[in-house]
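Okay, so here's the structure we're looking at.
Sequence lines set the chain letters: A, B, ... in the order given, protein chains first and strands last, and positions in each chain run from 1. Since the model is a prediction, treat every value here as computed from it, not as a measurement.
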2 protein chains.
Amino acid sequence: MLHHKDTIRKKMARFEQACRDAGLKITHQRLEIYRELAGAHDHPTAEMLYTRLRERLPTLSLDTVYRTLATLEEQHIITRVQTDESQARYEAEMTPHHHVMCRKCGRITDFHWTFFDAARLPEDVAGWGTIEDRKVTVRGICRQCAAE
Amino acid sequence: MLHHKDTIRKKMARFEQACRDAGLKITHQRLEIYRELAGAHDHPTAEMLYTRLRERLPTLSLDTVYRTLATLEEQHIITRVQTDESQARYEAEMTPHHHVMCRKCGRITDFHWTFFDAARLPEDVAGWGTIEDRKVTVRGICRQCAAE
DNA sequence: CTAAATGCAAAATTTTTGCAGTCCC
DNA sequence: GGGACTGCAAAAATTTTGCATTTAG
């Protein structure tokens, strides 16, 4: 618990610095949107964040959530997760990791795979341009959904 | 050229069989939508296919394109490509392959990586559930965009 | 013939924008 | 104080749906 609190606190401190570095103002809304996203494990959509934050910030508007997420993504402070759903999902986790997603419930879980991260890409990709990032997406049916 | 023609013809024959197997009627629109997608290299959106097809099929409607793509995806005859754009992109290529996408121009290019396809997934993923598919997405800046 | 598929128009969903007022630096 | 940010409302963009008509099997 304490450990978790510390982690969030550290994340928030790093976030504030990242905002300063990017020339972004540190507003109450931005702090809370980031805090909510950083604490979430479920790669939430703008709407999900909005609903959760509404309880704490009754005056928050949905378009601010959209605008904030877009701004933070531009600055590479958060990431827009690739899905084939209609709504965009986001995550605050910026260290290299990968995703497993369930075809049924749609839940996305993070995993790490250092072997892959270190593997050399095939020839034709190496010549394509400048590579910045590589990610694995595994899809299937999770245990809970399979048990039905 | 001849070879390419043959490939398309074969693809169309396989497509018709896949429709029969899935109990889908083989309509003019379906054939043309699939033909266009199978011949495209750029992972087009519904709107892009609609615009291209409009020349050949002036009466085609956009919602038919949407409905057809959704149906074919359900039957695993085509795939909805994961991107972080607002519009959904599709591809007819169903053999295992991966994507490189340019952060600037947004172009998506296929590549193959059998070494990765054969690699064993990490422990924690193996226990997650039943894996059906794994894909790599590489991102960066392509050569053309870098030359600016 | 009959169920499925299409086209049209209208709605629903998701995201973006203009503008006036507010708040950080 | 000034420019960036927010909230509101309205619009734009993308996708889905209801229904009458047409078409494949």
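Within a heavy-atom distance below 4.0 Å of DNA chain D, the residues of residues 20-35 of chain B found are B/K25, B/I26.
Taking the side chain as every heavy atom from C-beta outward, A/E36 and A/P44 never approach each other to under 4.5 Å. When side chains are defined from C-beta on, B/R139 counts as touching B/D84, because their heavy atoms get closer than 4.5 Å.
Side-chain contact of B/H99 with B/E91: a donor-acceptor pair under 3.5 Å is present, judged by distance alone. When only modelled atom types and interatomic distance are considered, B/R20 and B/Q17 share a side-chain donor-acceptor pair under 3.5 Å. Side chain to side chain, A/E93 and A/T95 meet the donor-acceptor criterion of an N or O pair below 3.5 Å. Counted by atom type alone, B/H43 and B/D110 present one or more donor-acceptor pairs between their side chains at under 3.5 Å. No side-chain donor-acceptor contact under 3.5 Å links B/H112 and B/D117.
Between A/F116 and B/W113, the ring-plane angle classifies as tilted under the 30° and 60° cut-offs.
Atom CG in B/D84 sits roughly 16 Å away from atom C1' in C/dT14 (whole-Å rounding). Following rounding to the nearest Å, B/R89 (CZ) and D/dT15 (C1') show an atom-to-atom distance of 17 Å. In this structure, CD of B/E73 is placed 12 Å from P of D/dT15, rounded to the nearest angstrom. Atom-to-atom, CG of B/L72 to P of C/dA5 comes out at 10 Å; the value is rounded to the nearest Å. Atom CG in B/L62 sits roughly 15 Å away from atom C1' in C/dA11 (whole-Å rounding). In this structure, the CG atom of A/L53 is 12 Å from the P atom of D/dT6, given to the nearest Å. As rounded to whole Å, 15 Å separates atom C1' of D/dT23 from atom CG of B/L57. Atom CZ in B/R54 sits about 13 Å away from atom C1' in C/dT6, given to the nearest Å.
Evaluated for a side chain to side chain contact (heavy atoms under 4.5 Å, CB included) with A/Y34, the options A/L49, A/I77, A/T68, A/L69 yield exactly one hit, A/I77.
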If you restrict it to nitrogen or oxygen atoms, what contacts under 3.5 Å exist between nucleotides 9-14 of chain D and the protein, and what is each distance?
from   : atom 1 : to    : atom 2 : distance (Å)
D/dT14 : OP1    : B/Q87 : NE2    : 3.0

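The side chain of B/S61 contributes an N or O atom lying less than 4.0 Å from OP1 or OP2 of C/dG7.
Residue A/T45 is out of contact with every strand shown, counting any heavy-atom pair closer than 4.0 Å. Counting non-hydrogen atoms under 4.0 angstrom, A/T71 reaches nothing in the nucleic acid.
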